[in-house]
Number of protein chains: 2
Amino acid sequence: MDQKIKPGDKECALLLRPVKDALEVLSGKWKLQIIIALTFGKKRFKEISREIGGISDKMLSKELKEMERHQLLLRTVYDAFPPVVEYELTAHGKSLHKLIDNLRDWGQLHRKKILGK
Amino acid sequence: MDQKIKPGDKECALLLRPVKDALEVLSGKWKLQIIIALTFGKKRFKEISREIGGISDKMLSKELKEMERHQLLLRTVYDAFPPVVEYELTAHGKSLHKLIDNLRDWGQLHRKKILGK
DNA sequence: CGGTATCCCCATTGATACTG
DNA sequence: CAGTATCAATGGGGATACCG
């Protein structure tokens, strides 16, 4: 009944667990883009929406809530009419910058190597 | 008609494009996990499936095809019965290792800081 | 402005069975 | 073993309308 264990399987499992943790929080089309939109400072709902492009209000709202739960960003409501709400990265959210830089680098590499000149 | 442009918007757009490129190839629940499964050497279809856990044959098959198209991995069929097929990373696939290391680091950080002790 | 509510479609994914 | 075929479910995500 025991599976054949190959060399490397243990390292692989060890690598897999934290990556799964990270993916659970970050995966999907929008979350990293939202982080990027907030990289250079606070932004309001519509500003984030415009910056990213192609995201619906519903999705943006849902993603922002989820990311707030995960303590990646902070939501501040100002008492005004019409309402003003600002989003900004927490320290934990900012800790994703290295990852995003890597993703950008790889994206550039990929475009050069595969997507063609 | 012109939108208000904030400082940082241009940098943001510049960062966004290559990240979108990267996400187009990598996003989703499975692709990075597949890369990881192949990090320590060639593996067969069922081995990848077992390593990752929770992925259906259909999904794995679909993802592998797509990743082959994107030149992230190489598929080799051996003439045998029952069939033997091996998958391995290309150089381009291996170039994702830094990114994955970062993701692992961040996943560990996230578990410590947010998911609790 | 910053959302929520509702309706609805269709792509993604899973489960199961089957084949070379 | 390495998938494919088929069916079914789920939910991602758009469109529109509406509210505080």
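Residue numbering restarts at 1 for every chain, and letters A, B, ... go by the order of the sequence lines. Below, all heavy atoms of this structure are taken into account, side chains as well, without hydrogens, waters or symmetry copies.
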Any ring-ring contact (aromatic ring centres under 6.0 Å, His included) pairs touching residues 88-107 of chain A, not counting sequence neighbours? A:H92-B:W106, A:H92-B:H110, A:W106-A:H110, A:W106-B:H92
Closest to side chain of B:R44, choosing from D:dA15, D:dC1, C:dT13: D:dC1
Residue pairs involving residues 64-77 of chain A (criterion side-chain hydrogen bond (donor to acceptor under 3.5 Å, both in side chains); sequence neighbours excluded): A:R75-A:Y87
Which protein N or O atoms sit under 3.5 Å from an N or O of nucleotides 16-20 of chain D?
none

Going by heavy atoms closer than 4.0 Å, what residues in residues 21-36 of chain B are next to DNA chain D? none
I'd like to check the salt bridge (charged side-chain N to carboxylate O under 4.0 Å, His left out) partners of B:E24; sequence neighbours left out, ordered by chain and number. none
Given atom CZ of B:F45 and atom P of C:dG20, what is their separation to the nearest angstrom? 18 Å
Salt bridge (charged side-chain N to carboxylate O under 4.0 Å, His left out) partners for A:K58, two or more places apart: none
Evaluate the side-chain proximity of B:D57 to B:K46: yes if any heavy-atom separation is below 4.5 Å, no if none is. yes
Under 4.0 Å between a side-chain N/O of A:Y87 and OP1 or OP2 of C:dG3, yes or no? yes
Remaining members of the apolar cluster that contains B:L14, side-chain heavy atoms under 4.5 Å: none
Among D:dA2, C:dG3, C:dT13, the one nearest A:V85 by side-chain distance: C:dG3
For B:I55 and D:dA2, what is the distance between atoms CD1 and P respectively, to the nearest whole Å? 15 Å
Phosphate contact (D:dT4 OP1 or OP2) by B:S61 side-chain N/O below 4.0 Å: yes
What is the distance, to the nearest angstrom, from the NZ atom on B:K42 to the C1' atom on D:dA2? 17 Å
Hey, does B:I34 have a side-chain heavy atom less than 4.5 Å from the side chain of B:L72? no
Applying salt bridge (charged side-chain N to carboxylate O under 4.0 Å, His left out) to B:K20 and not counting sequence neighbours gives none
The side-chain hydrogen bond (donor to acceptor under 3.5 Å, both in side chains) partners of A:E86 (sequence neighbours excluded) come to A:Y78
Verify the contact: side-chain N or O of B:K62 to OP1 or OP2 of C:dT13, cut-off strictly under 4.0 Å; return yes or no. yes
For the pair made of NZ in A:K58 and P in D:dG12, what is the distance, rounded to whole Å? 10 Å
Quick check: does any side chain N or O of A:S27 sit under 3.5 Å from a backbone N or O of B:G28, one acting as donor and the other as acceptor? no
Taking only heavy atoms on the protein side, list every residue of residues 70-80 of chain B lying under 4.0 Å from any atom of DNA chain C, sorted numerically. none
N/O (side chain, A:K65) to phosphate O (OP1/OP2, C:dT4) under 4.0 Å: yes
Nucleotide D:dA2, atom P - distance to CD of B:E68 in whole Å: 15 Å
Partners of A:D105 by salt bridge (charged side-chain N to carboxylate O under 4.0 Å, His left out), sequence neighbours excluded? none
Nearest whole Å is fine: how far is D:dG12 P from A:L60 CG? 15 Å
More 5' along DNA chain C: B:E63 or A:V84, using each one's nearest nucleotide? A:V84
With sequence neighbours excluded, what pairs up with B:W30 under the ring-ring contact (aromatic ring centres under 6.0 Å, His included) test? none
B:E86 CD to D:dC1 C1', straight-line distance once rounded to whole Å: 13 Å
Here the distance between atom P of C:dC1 and atom CD1 of A:I48, to the nearest Å, is 14 Å
